[in-house]
Protein chains: 2
Amino acid sequence: MATGHTDPQRRERIIAATLDLIAEEGIAHVSHRKIAARAGVPLGSMTYHFSGMDELLREAFTRFADHIVAVFDAHLAAPADRDQARQAVTDLVHALSEGSQRDLVLTQELYTLAARRPVYRELTHEWMGRSRTHLEKHFDPATARQLDALIEGLTLHRALDNEPHDRALTLEAITRITTTRP
Amino acid sequence: MATGHTDPQRRERIIAATLDLIAEEGIAHVSHRKIAARAGVPLGSMTYHFSGMDELLREAFTRFADHIVAVFDAHLAAPADRDQARQAVTDLVHALSEGSQRDLVLTQELYTLAARRPVYRELTHEWMGRSRTHLEKHFDPATARQLDALIEGLTLHRALDNEPHDRALTLEAITRITTTRP
DNA sequence: CCGTTGAGTGTACGATCGTACGCATGTCGA
DNA sequence: TCGACATGCGTACGATCGTACACTCAACGG
């Protein structure tokens, strides 16, 4: 069927370039032209591979959400008991907030989209759901939800604070919220 | 000094229109022209009252941050003891997450800016600092920080979840994190 | 060997953008 | 009353945008 000189990496490179650019300049300043330049593809490729800017952004953030889900999985799949789970969550919070500026910024951009448009909210629901599933292996559902919210808040505040919590403080917060009083 | 027919409301109207527009369409889609149209002022007023888009956005978000600080103050200034404080924080979380979609979206937009640019981070620091000061009247500093982060996470998750926590669950989380074990 | 096909590209168009700047207009000191 | 002057506006300019679309060209069936 005349499958000519096709380049399946093209699409991926464009998506990667899109995320890089959003991380650096913000959604407000991305454009087909800038993305094309950064990805090293001609402008025509943009409309060829993606129906428009919206589709491109949706694909890009889907890719990003997958990445975050992988980070959650990597940290939360292993622990075998409650104490290990608490340690793992502490690691996760510190990994997220001390990790690449890129991920922090992209997370915020995604939340901003999610706050307005349901399509993007589905992406955040997926990773919150996955996170909660992991946590429910060690804590009851209500606790898992509270812990999930705490993870979010700690990560954000650590990222935005000038003097972030140290590890002991993070663990203490996690321990408190996962401790049911008699 | 020939202070001609000046209109001090002009500036405020422009700022208000800017915030409305950002809430509706996102920072990515605001423009001088749209703001001018919404505020009912001529395009020329934009560059007259503000040196450029950056100054306008900074003023707009400063105004917004003041508003959020006021919400925090209104909820957190009154309580007299720890239990009242816990109730007040619960009210605050629900007020923030069930209140206007507008505030939620604007908060996210501001966080997104703050994640990238220190100028905007100062605005978020101010309201986090104020919040912490209030909380420290009833809880030790470490607890106040943890509680502050929890407020953030609960608000965000309540806003983004399809089935938000009910009040009892919110209060339970707040109680846990403010309870120091013997 | 050649016509067909479909992947991929270059370019051009109309819209919209931020911003500068010359001009109208109303106020005030003299 | 009348320049001087600050306030505020209309408009125009160059840049940049998203997107459409005619085109090239390699590969393949016959």
Side-chain angles (χ1 to χ4, degrees), chain A residues 1-63 109 112-113 116-117 119-120, chain B residues 1-63 109 112-113 116-117 119-120:
Chain A
M1 201 66 83
T3 50
H5 47 107
T6 176
D7 181 2
Q9 306 211 346
R10 204 57 124 218
R11 215 155 185 288
E12 288 306 314
R13 286 233 312 288
I14 293 174
I15 290 176
T18 304
L19 287 173
D20 284 349
L21 212 56
I22 292 174
E24 281 177 26
E25 309 195 13
I27 279 206
H29 296 114
V30 300
S31 74
H32 278 152
R33 283 170 173 83
K34 286 187 193 170
I35 294 167
R38 148 101 45 157
V41 303
L43 178 59
S45 286
M46 293 295 128
T47 45
Y48 178 73
H49 287 290
F50 303 92
S51 72
M53 197 51 133
D54 247 41
E55 183 180 313
L56 176 53
L57 290 182
R58 236 173 315 128
E59 286 238 30
F61 277 108
T62 302
R63 209 61 50 114
E109 294 275 7
T112 303
L113 290 173
R116 221 180 333 253
R117 299 179 49 185
V119 184
Y120 292 97
Chain B
M1 201 65 84
T3 51
H5 50 104
T6 176
D7 181 2
Q9 306 210 346
R10 203 57 123 220
R11 218 156 183 285
E12 289 306 315
R13 285 232 313 286
I14 292 174
I15 290 175
T18 303
L19 288 173
D20 284 350
L21 212 56
I22 292 174
E24 280 177 25
E25 309 196 13
I27 278 206
H29 296 113
V30 300
S31 74
H32 277 152
R33 283 171 173 82
K34 286 185 193 172
I35 295 167
R38 149 103 44 161
V41 304
L43 177 59
S45 286
M46 293 295 127
T47 45
Y48 178 74
H49 287 288
F50 303 92
S51 71
M53 198 51 132
D54 247 41
E55 183 180 314
L56 175 52
L57 290 182
R58 236 175 313 128
E59 287 237 29
F61 277 108
T62 302
R63 209 60 50 113
E109 294 276 6
T112 302
L113 289 173
R116 216 174 343 246
R117 300 180 48 185
V119 184
Y120 292 95

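No experiment lies behind these values; they were computed from the predicted model shown.
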Q) Which stems, defined as runs of 3 or more consecutive Watson-Crick or G-U wobble pairs with both pairing distances under 3.5 Å, involve DNA chain D? A)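 For DNA chain D the paired stretches long enough to count as stems (3 pairs minimum) are C:1-30 with D:1-30.
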Q.
A:Thr18: which residues meet the side chain to side chain donor-acceptor pair (under 3.5 Å) condition with it, sequence neighbours left out?
A.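 A:Thr18: no side chain to side chain donor-acceptor pair (under 3.5 Å) contacts found.
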Q: Applying side chain to side chain donor-acceptor pair (under 3.5 Å), name anything that partners B:Arg11, two or more places apart in sequence or on another chain.
A: B:Glu59
Closest approach of [X] to [Y] (non-hydrogen atoms, all atoms of both residues):
X	Y	value
B:Pro42	B:Arg10	CD-NH2, 4.5 Å
A:Arg116	B:Ile22	NH1-O, 2.9 Å
B:Ile15	B:Ala60	CG2-CA, 3.8 Å

Q: List for me each residue that meets side chain to side chain contact (heavy atoms under 4.5 Å, CB included) alongside A:Leu113, sequence neighbours excluded, and say none if there are none.
A: A:Ile27, A:Phe61, A:Tyr120
Q: Not counting sequence neighbours, list each pair that qualifies as a salt bridge (charged side-chain N to carboxylate O under 4.0 Å, His left out) and has a residue in residues 21-32 of chain B.
A: B:Glu24-B:Arg38, B:Glu25-B:Lys34
Q: List for me each residue that meets salt bridge (Lys or Arg N to Asp or Glu O under 4.0 Å) alongside A:Arg33, sequence neighbours excluded, and say none if there are none.
A: none
Q: With sequence neighbours excluded, tell me which residues meet salt bridge (Lys or Arg N to Asp or Glu O under 4.0 Å) with B:Arg58.
A: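 In terms of salt bridge (Lys or Arg N to Asp or Glu O under 4.0 Å), with neighbours along the sequence ignored, B:Arg58 is linked to no residue.
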Q. Which of residues 44-59 of chain B have a heavy atom under 4.0 Å from DNA chain D?
A. B:Gly44, B:Ser45, B:Tyr48
Q: Starting at atom CD of B:Gln9, determine the distance to atom P of D:dT7, rounded to an integer number of angstrom.
A: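 Taking atom P of D:dT7 as the reference, CD of B:Gln9 is at 18 Å.
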Q. When the distance from CG of B:Leu43 to P of C:dC21 is rounded to whole Å, what number comes out?
A. 15 Å
Q | Distance test, side-chain N/O of A:Arg10 to OP1/OP2 of C:dT9, below 4.0 Å | A |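 True: A:Arg10 side-chain N/O within range (under 4.0 Å) of C:dT9 OP1/OP2.
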Q | Pairs where residues 43-53 of chain B contributes a residue and the test side-chain hydrogen bond (donor to acceptor under 3.5 Å, both in side chains) is met, not counting sequence neighbours | A |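 Checked against side-chain hydrogen bond (donor to acceptor under 3.5 Å, both in side chains) - neighbours excluded - the pairs reaching residues 43-53 of chain B are B:Ser51-B:Glu55.
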(Q) Can you list, in residue-number order, the parts of residues 23-42 of chain B that come under 4.0 Å of DNA chain C, counting heavy atoms only? (A)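 Output list: B:Val30, B:Ser31, B:His32, B:Arg33, B:Lys34.
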